[in-house]
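Below you'll find the structure, written out as structure tokens, and then a few comments.
All values reported here derive from a predicted model rather than from experimental measurement. By convention in this document, chain letters (A, B, ...) are assigned in the order of the sequence lines, proteins followed by strands, and residues within each chain are numbered from 1.
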Amino acid sequence: MPELPEVETIRRELKPVIIGRRIERVKVLWPKTVAPTSARRFQTSLRGQTVTGLGRRAKILLIKLANNLTLTIHLKMTGQLIYRHSEYQIVGGHPQAGGADNLPNRFTRLVLDFDNRGQLFFNDARKFGWSRLLTGADQAELIRHFGPEPLTRDFSQNYLAQLAARYPRRPIKALLLDQTLIAGLGNIYADESCFRAGLQPARLAGSLKPANTARLHQAIQQILKLAISKKGTSARDYRRPNGQQGNFADLLQVYGRGGKPCLVCRQIVIKNRLVRRGTHSCPRCQH
DNA sequence: CACTTGACCTGTCCGC
DNA sequence: TGCGGACAGGTCAAGT
């Protein structure tokens, strides 16, 4: 489930290999991936464009083009972006990873061919992911739609405290997952942030004291920075552009550890459902 | 307005 | 071996 650290890793690793490259050919293998634009219109709009930069907003990758359009990609749950070139090392092993098997495979929805014979494959087993070409006005709207980026100054202790005060009856996990309030957290990092902050995900935001919001703020930033430094979490399908897994899964404290002993206190980690998500927490470390 | 549910999708795993 | 069902969760539209 690519969240902020995964998309940021993809952005950083893809940037040096596709920046300055011209898109020579676009193959749309699953038209719904580029809907509502038709596959043909998508292809003709993209062909011949040169990549001038790579950005990210929340969980969306922004591929900036020379004509001031931006190609946006959302990987949702199972999306992958795999880059291949004869001089770019690929590591395989996973059936969806674009490693040992040939690409495109049965999960490939979109392929971009570059002028240096490099290829970018957008694979997505569940077809939730999408790619759209945005004009300047559309970009501005996309930027506005999301809350502050949690690793910038816009996301301050004070901002988080104000959020909690504004939504006192919502569980803190609901606030963390709301993209219009905070951009880029998903299920994994919401649970991990709550654990690091010593707070139950179900705890109502209105019950947080200033020390709690301060600790939660710090936990979110520390977890995201650490996850980026480890190139993200390959819980299932996520892969880096070279096919390798991220390394943060080894450092998860509660996510995916329901029924296992807490790594801090040995109490059994509880898994239940909260805001329709599998939610993991330690009954002893979190209050 | 605040909050919840359904829909979009399919691979994987489990019990029978 | 095959099959039904549960489960995974990001996001938006629709419902309460």
Side-chain angles (χ1 to χ4, degrees), chain A residues 1-8 10 29-36 56-61 72-81 93-99 101 104-110 122-132 134 138 141-147 149-150 162-194 201-206 224 227 232-239 246 249 252 254-259 270-281:
Chain A
M1 299 121 250
E3 304 178 24
L4 187 155
E6 288 74 33
V7 181
E8 179 61 19
I10 292 169
L29 282 61
W30 186 256
K32 276 194 177 180
T33 296
V34 301
R56 178 190 57 75
R57 180 74 172 111
K59 302 167 188 171
I60 299 175
L61 185 71
T72 60
I73 297 177
H74 198 312
L75 299 172
K76 291 291 182 86
M77 265 89 76
T78 56
Q80 302 177 330
L81 285 175
H94 188 278
Q96 212 199 320
D101 60 331
N105 61 26
R106 64 192 170 114
F107 304 117
T108 304
R109 311 302 175 196
L110 180 65
F122 181 3
N123 305 328
D124 183 19
R126 287 177 64 182
K127 301 176 176 173
F128 278 15
W130 50 256
S131 179
R132 281 170 210 147
L134 299 188
D138 293 337
E141 191 180 329
L142 179 130
I143 299 297
R144 250 184 288 114
H145 175 259
F146 294 100
E149 288 288 329
Q162 286 176 356
L163 272 191
R166 184 175 161 194
Y167 299 101
R169 297 175 57 81
R170 295 180 73 175
I172 54 177
K173 181 166 177 175
L175 298 188
L176 300 188
L177 290 175
D178 189 331
Q179 302 299 297
T180 67
L181 304 180
I182 305 170
L185 290 180
N187 207 37
I188 296 174
Y189 298 109
D191 281 4
E192 293 296 313
S193 296
C194 288
R203 177 134 166 215
L204 297 186
L224 292 177
T233 303
S234 290
R236 298 180 73 91
D237 302 290
Y238 164 69
R239 292 296 182 278
L252 293 174
V254 285
Y255 182 84
R257 301 197 68 256
I270 301 297
K271 179 179 182 183
N272 53 18
R273 286 196 90 73
L274 179 67
V275 290
R276 318 248 307 169
R277 298 284 192 283
T279 298
H280 315 74
S281 62

Query raised in the report: If you look at every strand shown and take non-hydrogen atoms under 4.0 Å, does Arg273(A) touch a base, only sugar-phosphate, or nothing?
Result: sugar-phosphate

Report summary line: From CH2 of Trp130(A) across to C1' of dA7(B) the rounded distance in Å is 18 Å

Query raised in the report: What is the distance, rounded to the nearest whole Å, between atom CG of Leu175(A) and atom C1' of dA2(B)?
Result: 12 Å

Query raised in the report: Any side-chain donor paired with an acceptor under 3.5 Å for Tyr189(A) and Glu6(A)?
Result: yes

Query raised in the report: Are OP1 or OP2 of dG10(C) and a side-chain N or O of Gln179(A) less than 4.0 angstrom apart?
Result: no

Query raised in the report: So, do Arg236(A) and Met77(A) sit near enough that their side-chain heavy atoms are less than 4.5 Å apart?
Result: no

**Report entry** Between SG on residue Cys194(A) and NE2 on residue His280(A), distance to nearest 0.5 Å
**Finding:** 12.5 Å

**Report entry** Sole candidate of Leu110(A), Leu61(A), Asn123(A) that passes side chain to side chain contact (heavy atoms under 4.5 Å, CB included) when paired with Leu81(A)
**Finding:** Leu61(A)

Query raised in the report: Which residue lies toward the 5' end of DNA chain C, Met77(A) or Thr180(A), if each is placed at its nearest nucleotide?
Result: Met77(A)

Report summary line: To the nearest angstrom, the CG-C1' distance between Leu177(A) and dC12(C) comes to 15 Å

Report task. Could you tell me whether the side chain of Arg126(A) has a donor or acceptor atom within less than 3.5 Å of a complementary atom in the base of dA8(C)? Result -> yes

Report task. Quote, to the nearest angstrom, the P distance that separates dT12(B) from dT11(C). Result -> 23 Å

Query - Minimum-distance nucleotide (side-chain atoms of Lys59(A) versus dG10(C), dC3(B), dT12(B)) - result: dG10(C)

Query raised in the report: Under 4.0 Å between a side-chain N or O of Lys271(A) and OP1 or OP2 of dA8(C)?
Result: yes

Query raised in the report: Taking the nucleotide of DNA chain B with the closest heavy atom to each, which residue, Trp30(A) or Arg166(A), is nearer the 5' end?
Result: Arg166(A)

Query raised in the report: Is it true that a side-chain atom of Thr78(A) and a backbone atom of Arg126(A) form a donor plus acceptor pair closer than 3.5 Å?
Result: yes

Query raised in the report: Starting at CG of Asp178(A) and ending at C1' of dT4(B), how long is that distance when rounded to a whole Å?
Result: 13 Å

Report summary line: For DNA chain B, consecutive-pair runs of 3 or more (Watson-Crick or G-U wobble, both H-bond-type distances under 3.5 Å) give B:2-8 with C:10-16, B:10-16 with C:2-8

Query raised in the report: What is the nucleic acid contact for Tyr255(A), judged by heavy atoms within less than 4.0 Å: base, sugar-phosphate only, or nothing?
Result: sugar-phosphate

Query - Under 3.5 Å donor-acceptor, Ser131(A) side chain and Ile73(A) backbone - result: no

Report task. Indicate, with a heavy-atom threshold strictly under 4.0 Å, whether Lys76(A) touches base, sugar-phosphate, or nothing. Result -> base

Report summary line: Separation of dG11(B) atom P from Asn123(A) atom CG, nearest Å, is 13 Å

Report summary line: From CG of Asn187(A) across to P of dG10(C) the rounded distance in Å is 5 Å

Query raised in the report: Is the distance from OP1 or OP2 of dT11(C) to the nearest side-chain N or O of His74(A) less than 4.0 Å?
Result: yes

Query raised in the report: So which nucleotide from dG10(C), dC3(B), dT10(B) ends up closest to the side chain of Arg277(A)?
Result: dG10(C)

Query raised in the report: Roughly, in whole Å, what's the span from CZ in Arg106(A) to C1' in dG11(B)?
Result: 8 Å

Query - Any Lys32(A) side-chain nitrogen or oxygen under 4.0 Å from OP1 or OP2 of dC8(B) - result: no

Report task. Give the nucleotide from the list dC9(B), dT12(B), dT11(C) with an atom nearest to the side chain of Arg236(A). Result -> dT12(B)

Query raised in the report: What distance, rounded to whole Å, do you find between the two P atoms, one in dA14(C) and one in dC9(B)?
Result: 16 Å

Query - Whole angstrom value for the distance that separates C1' of dG11(B) from CG of Asp237(A) - result: 8 Å

Query raised in the report: If you measure only the distance, is there a donor-acceptor pair under 3.5 Å linking the side chains of Thr233(A) and Tyr255(A)?
Result: no

Query raised in the report: So what does Gly129(A) touch, heavy atoms closer than 4.0 Å: a base, only the sugar-phosphate, or nothing?
Result: nothing

Report task. Determine the contact category for Arg276(A): base if any of its heavy atoms lies under 4.0 Å from a base atom, sugar-phosphate if only primed atoms, P, OP1 or OP2 are that close, otherwise nothing. Result -> base

Report task. Go through the side-chain N and O atoms of Thr279(A) and Lys173(A) and say whether any donor and acceptor fall under 3.5 Å apart. Result -> yes

Query raised in the report: Any idea which heavy atoms bring Asp124(A) and Gly79(A) closest together, and the distance?
Result: OD1-N, 3.5 Å

